[in-house]
Amino acid sequence: NSKQKGARFERTLAKIFREQYGYSDSRRTAQYCGNTGDASDVLGLPGIHIEAKHQEKMYLYDWMSQAINDAEASEERKIPAVFHKKNNAEILVTLRLDDFMKIYREYEAGMIFDE
């Protein structure tokens with residue numbers, strides 16, 4: 001049951017990325033079928049390694065460690081991020097401070113060019 005819940009959440013995330021944010025290549029990985037070459041739970045956000053968790057009890061540091069290890073093992077050196085939620089709650093994203101600041105600085109630089 002918890003595996004099915006996790007798989008549903010991964011499919012939901014991929015659908016949100018596609019339909020609400022325009023990342024048309026977003027999809028759940030087929031980890032259950034063997035090595036996919038990418039340990040992300042969901043693919044489609046360039047530069048981000050996604051660890052997806054839908055659980056009532058939060059183990060953010062454990063989940064982040066998993067995301068970091070998986071991201072570092074890949075050749076692409078993606079930013080590790082944990083997308084998580086519990087029942088009847090919105091989806092949240094956890095990042096390390098340095099990774100958040102990298103993303104924020106890029107955002108801020110883009111805002112300067114828009115002015």
Side-chain angles (χ1 to χ4, degrees):
N1 193 21
S2 65
K3 269 189 166 184
Q4 291 175 347
K5 183 178 177 182
R8 273 194 309 273
F9 181 53
E10 292 168 5
R11 286 191 296 272
T12 297
L13 269 180
K15 183 177 179 180
I16 290 169
F17 296 154
R18 284 191 311 270
E19 294 180 2
Q20 293 182 25
Y21 298 103
Y23 291 93
S24 59
D25 293 334
S26 293
R27 63 178 170 78
R28 179 176 179 249
T29 60
Q31 292 179 17
Y32 55 90
C33 293
N35 188 0
T36 63
D38 190 320
S40 291
D41 290 335
V42 178
L43 300 176
L45 295 185
I48 305 293
H49 171 89
I50 298 171
E51 188 65 36
K53 299 292 184 184
H54 184 180
Q55 295 185 17
E56 292 306 297
K57 291 187 179 181
M58 297 286 142
Y59 301 100
L60 289 174
Y61 285 92
D62 293 339
W63 300 341
M64 182 54 75
S65 291
Q66 180 182 357
I68 291 166
N69 291 337
D70 290 347
E72 288 176 352
S74 95
E75 295 176 11
E76 298 180 49
R77 306 294 293 176
K78 294 180 177 181
I79 293 174
V82 179
F83 288 69
H84 52 92
K85 76 176 298 300
K86 61 183 184 174
N87 292 338
N88 304 312
E90 66 183 319
I91 298 169
L92 302 177
V93 180
T94 298
L95 298 166
R96 296 180 293 190
L97 176 61
D98 285 346
D99 293 330
F100 172 81
M101 292 309 299
K102 286 178 197 173
I103 293 169
Y104 185 78
R105 283 190 174 143
E106 289 297 318
Y107 164 78
E108 186 178 38
M111 295 297 289
I112 293 169
F113 288 119
D114 285 346
E115 291 177 356

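Because the structure is a prediction, the values reported are computed rather than measured.
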query = Measuring from E108:CD to I103:CD1, what's the distance to the nearest 0.5 Å?
reply = 14.0 Å
F17 to I50 - nearest heavy-atom pair and separation = CE1-CD1, 3.5 Å
query = Is there side-chain contact between F9 and I91, with heavy atoms separated by less than 4.5 Å?
reply = yes
remark   = Apart from Y61 itself, its cluster of hydrophobic side chains linked below 4.5 Å comprises none
ask   = How long is the gap from CE on M111 to OH on Y104, to the nearest 0.5 Å?
value = 8.5 Å
ask   = Which pair of heavy atoms, one from W63 and one from M58, lies closest together, and at what distance?
value = CZ3-SD, 3.6 Å
Greater than 12 external heavy atoms within 6.0 Å of K15's NZ = no
inquiry  = How long is the straight-line distance from CZ of R27 back to CG of L43, given to the nearest 0.5 Å?
reply    = 4.5 Å
note = Closest heavy-atom pair, Y23 versus G44, reported as atoms and distance to 0.1 Å, is CD2-O, 3.5 Å
query = How far does CZ of R77 sit from CD of E72, to the nearest 0.5 angstrom?
reply = 5.5 Å
request  = For A71 and K78, work out which heavy atoms get closest and say how close.
outcome  = CB-O, 3.5 Å
message = Is there a side-chain contact between R11 and V42 in this structure, where contact means two heavy atoms from C-beta onward sitting under 4.5 Å apart?
response = no
note = Separation between NE2 (H84) and CG (L13), nearest 0.5 Å, reads 11.0 Å
note = residues 42-53 vs salt bridge (charged side-chain N to carboxylate O under 4.0 Å, His left out), sequence neighbours excluded, gives E51-K53
message = Nearest 0.5 Å, please: how far is CD1 in I48 from CD in E76?
response = 11.5 Å
task = Could you tell me whether E56 atom CD has more than 12 heavy atoms of other residues or ligands within 6.0 Å of it?
result = yes
remark   = Closest non-hydrogen atoms of A81 and V93, given as atom of the first, atom of the second and distance, are CB-CG1, 4.2 Å
ask   = Within the distance-only criterion (no hydrogens, no angle test), does the side chain of R18 pair as donor or acceptor with the backbone N or O of S26 below 3.5 angstrom?
value = yes
task = Provide the closest heavy-atom pair for L95 versus M64 in the form atom of the first, atom of the second, distance.
result = CA-CE, 3.8 Å
request  = Apply side-chain hydrogen bond (donor to acceptor under 3.5 Å, both in side chains) to N88 and list each qualifying residue two or more places apart in sequence or on a separate chain.
outcome  = none
message = Can you list everything that forms a side-chain hydrogen bond (donor to acceptor under 3.5 Å, both in side chains) with R96? Sequence neighbours excluded, please.
response = D99
inquiry  = Show, in sequence, the C-alpha distance, side-chain angles and deciding distance for I16 and F83, and conclude whether the side chain to side chain contact (heavy atoms under 4.5 Å, CB included) test is met.
reply    = CA-CA 12 Å; I16 290 169; F83 288 69; over 6 Å; no
Check against side chain to side chain contact (heavy atoms under 4.5 Å, CB included), I68 and H49 = CA-CA 8 Å; I68 291 166; H49 171 89; over 6 Å; no
request  = Just jot down the side-chain hydrogen bond (donor to acceptor under 3.5 Å, both in side chains) partners of N69, sequence neighbours excluded, or say none.
outcome  = none
ask   = Are the side chains of Q4 and N1 in touch, meaning some heavy atoms are under 4.5 Å apart?
value = yes
ask   = Mind checking what makes side-chain hydrogen bond (donor to acceptor under 3.5 Å, both in side chains) contact with E90, not counting sequence neighbours?
value = none
